[in-house]
Amino acid sequence: YALVGQSSTGTTFWLAYMENLDLIFNDDPVFAVVLHAEQEATGEIQIPATGFSIPFTVGAGGTEEVELPPALYYIQGSDITGNTGIRITADVPVRATGVHYRAYFSEATHLLPEPELSNEYFPICYADDVGNDPSSFVVLSTEDGTEIEVTPSVLTLSLRPPGVPFTITLNAGQIYQVQAAEDLTGSRARSLSGQPIAVFSVA
């Protein structure tokens with residue numbers, strides 16, 4: 001969500017998709033980026049870690065949904081690093097939303113532009129009340145060599161103890177996923193070197 005004084009319009013955005021329910025039970029995923037522009041805009045949806053890129057154009061005052069080619073744009077498991085972070089760039093200010101369509105459990109996130117990103121987050125993480133999905137959050141790096149300190153609030157699935165910080169280093173477009181059987185709300189993720197990062201969770 002945007003805080004007072006924050007802008008949702010910009011020319012650079014970062015997006016990370018989170019693990020959804022097992023593919024066997026929820027149909028194949030479809031990933032898309034929805035863009036809205038007040039004036040005609042052109043740009044690219046890029047995965048910096050792999051070099052993948054597709055162009056887009058949005059007409060003035062229009063909205064365009066860009067469906068990504070069939071692939072898995074999230075990683076599976078806890079304490080896992082992946083190369084699936086997405087950067088969205090446009091030649092004029094736009095608004096952007098990431099969408100993950102599934103048969104039963106679709107999800108979407110409104111994106112803040114890069115200047116509005118922070119270097120420290122305390123994510124709110126939904127705890128699954130039926131016990132099928134772990135609590136989780138994903139950290140996304142916007143620059144190479146970003147040193148990130150993660151402090152989980154509860155024991156993670158990879159047995160990281162609560163309240164004990166650990167450090168990871170990510171390059172631009174790399175993501176790191178943390179999962180736990182209990183609610184990870186109140187965990188902390190911060191960039192030790194000051195670069196902006198993005199954090200995504202189910203709240």
Side-chain angles (χ1 to χ4, degrees), residues 1-2 7-77 80-117 123 126 132-134 136-142 170-177 179 196-203:
Y1 57 90
S7 172
S8 61
T9 303
T11 57
T12 303
F13 302 83
W14 291 88
L15 167 64
Y17 289 103
M18 298 177 60
E19 183 177 359
N20 202 302
L21 286 182
D22 191 292
L23 301 181
I24 297 173
F25 302 107
N26 202 17
D27 241 353
D28 291 336
V30 175
F31 301 90
V33 175
V34 179
L35 299 144
H36 176 77
E38 295 300 326
Q39 53 184 312
E40 184 174 344
T42 60
E44 287 187 313
I45 300 171
Q46 310 158 330
I47 299 184
T50 68
F52 170 79
S53 177
I54 55 174
F56 66 81
T57 300
V58 185
T63 298
E64 186 74 24
E65 180 174 279
V66 182
E67 186 174 311
L68 303 181
L72 196 58
Y73 293 89
Y74 61 74
I75 52 177
Q76 296 171 292
I80 302 294
T81 299
N83 294 323
T84 56
I86 295 171
R87 179 172 60 207
I88 302 155
T89 59
D91 62 342
V92 297
V94 299
R95 292 196 297 272
T97 301
V99 185
H100 177 186
Y101 295 106
R102 298 299 290 272
Y104 303 107
F105 298 97
S106 295
E107 55 198 357
T109 181
H110 186 63
L111 303 177
L112 290 175
E114 186 175 72
E116 302 291 352
L117 298 180
Y126 173 75
N132 292 328
D133 253 2
S136 61
F137 65 90
V138 167
V139 183
L140 168 60
S141 174
T142 66
L170 301 177
N171 289 326
Q174 287 192 310
I175 70 172
Y176 184 83
Q177 183 164 266
Q179 295 181 331
I197 57 176
V199 173
F200 297 86
S201 64
V202 179

Show your reasoning for whether side-chain contact (heavy atoms from CB on, under 4.5 Å) applies to I197 and L170. CA-CA 10 Å; I197 57 176; L170 301 177; over 6 Å; no
Does the pair Y17 and T84 meet the rule for a side-chain contact (heavy atoms from CB on, under 4.5 Å), with working shown? CA-CA 8 Å; Y17 289 103; T84 56; over 6 Å; no
Please evaluate residues S8 and H110 with respect to the criterion side-chain contact (heavy atoms from CB on, under 4.5 Å), reporting the C-alpha separation (whole Å), side-chain torsions for both, the decisive distance (0.1 Å), and the verdict. CA-CA 8 Å; S8 61; H110 186 63; 3.2 Å; yes
When you look at F56 and I88, which way does the side-chain contact (heavy atoms from CB on, under 4.5 Å) test go after all the steps? CA-CA 10 Å; F56 66 81; I88 302 155; 4.1 Å; yes
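Closest of all the heavy-atom pairs between W14 and E114 is NE1-OE2, 2.7 Å. Of all the heavy atoms in G85 and P48, the pair that sits closest is O-CD, 3.5 Å. Closest approach of G98 to L15, counting heavy atoms only: CA-CD2, 3.9 Å. Closest approach of P123 to V199, counting heavy atoms only: CB-CG1, 4.1 Å. For the residue pair I75 and G82, the shortest heavy atom distance occurs at CG2-CA, 3.7 Å. Closest approach of L35 and A96 over heavy atoms only: CD2-CB, 4.0 Å.
Contact annotation: the side chain of R95 approaches that of E38 to within less than 4.5 Å [non-hydrogen atoms, C-beta and beyond]. With a 4.5 Å cut-off on side-chain heavy atoms, L111 and F200 count as touching. Side-chain contact between E19 and S136: absent, with no pair of heavy atoms (C-beta onward) separated by less than 4.5 Å. Two residues are said to be in side-chain contact when any heavy atoms from C-beta on lie closer than 4.5 Å; P55 and T42 fail this criterion. Side-chain contact between P69 and I54 is present, with at least one heavy-atom pair separated by less than 4.5 Å. Counting heavy atoms from C-beta on, the side chains of V94 and F13 come closer than 4.5 Å.
If you take CD1 on I86 and CD on E44, they are separated by 13.5 Å, rounding to the nearest 0.5 Å. Atoms CZ and CD, on F137 and Q179 in that order, are 10.5 Å from each other to the nearest 0.5 Å. Here the straight-line distance linking atom CG of L140 with atom CD of Q174 works out to 10.0 Å at 0.5 Å rounding. To the nearest 0.5 Å, atom CG of residue L68 and atom CD1 of residue I47 are 7.0 Å apart. One finds the CD atom of Q39 at 8.0 Å from the CG atom of D91 (value rounded to the nearest 0.5 Å).
Side chain of H36 to main chain of G62: a donor-acceptor pair is present (N/O by atom type, distance under 3.5 Å, no hydrogens or angles). One N or O on the side chain of Q177 and one on the backbone of G77 form a donor-acceptor pair closer than 3.5 Å. With E64 contributing its side chain and G59 its backbone, the two residues share no donor-acceptor pair below 3.5 Å. Remark: side-chain polar atoms of T142 are paired, donor with acceptor, to backbone N or O of P196 under 3.5 angstrom.
Residues passing the ring-ring contact (aromatic ring centres under 6.0 Å, His included) test with Y73 are F31, sequence neighbours excluded.
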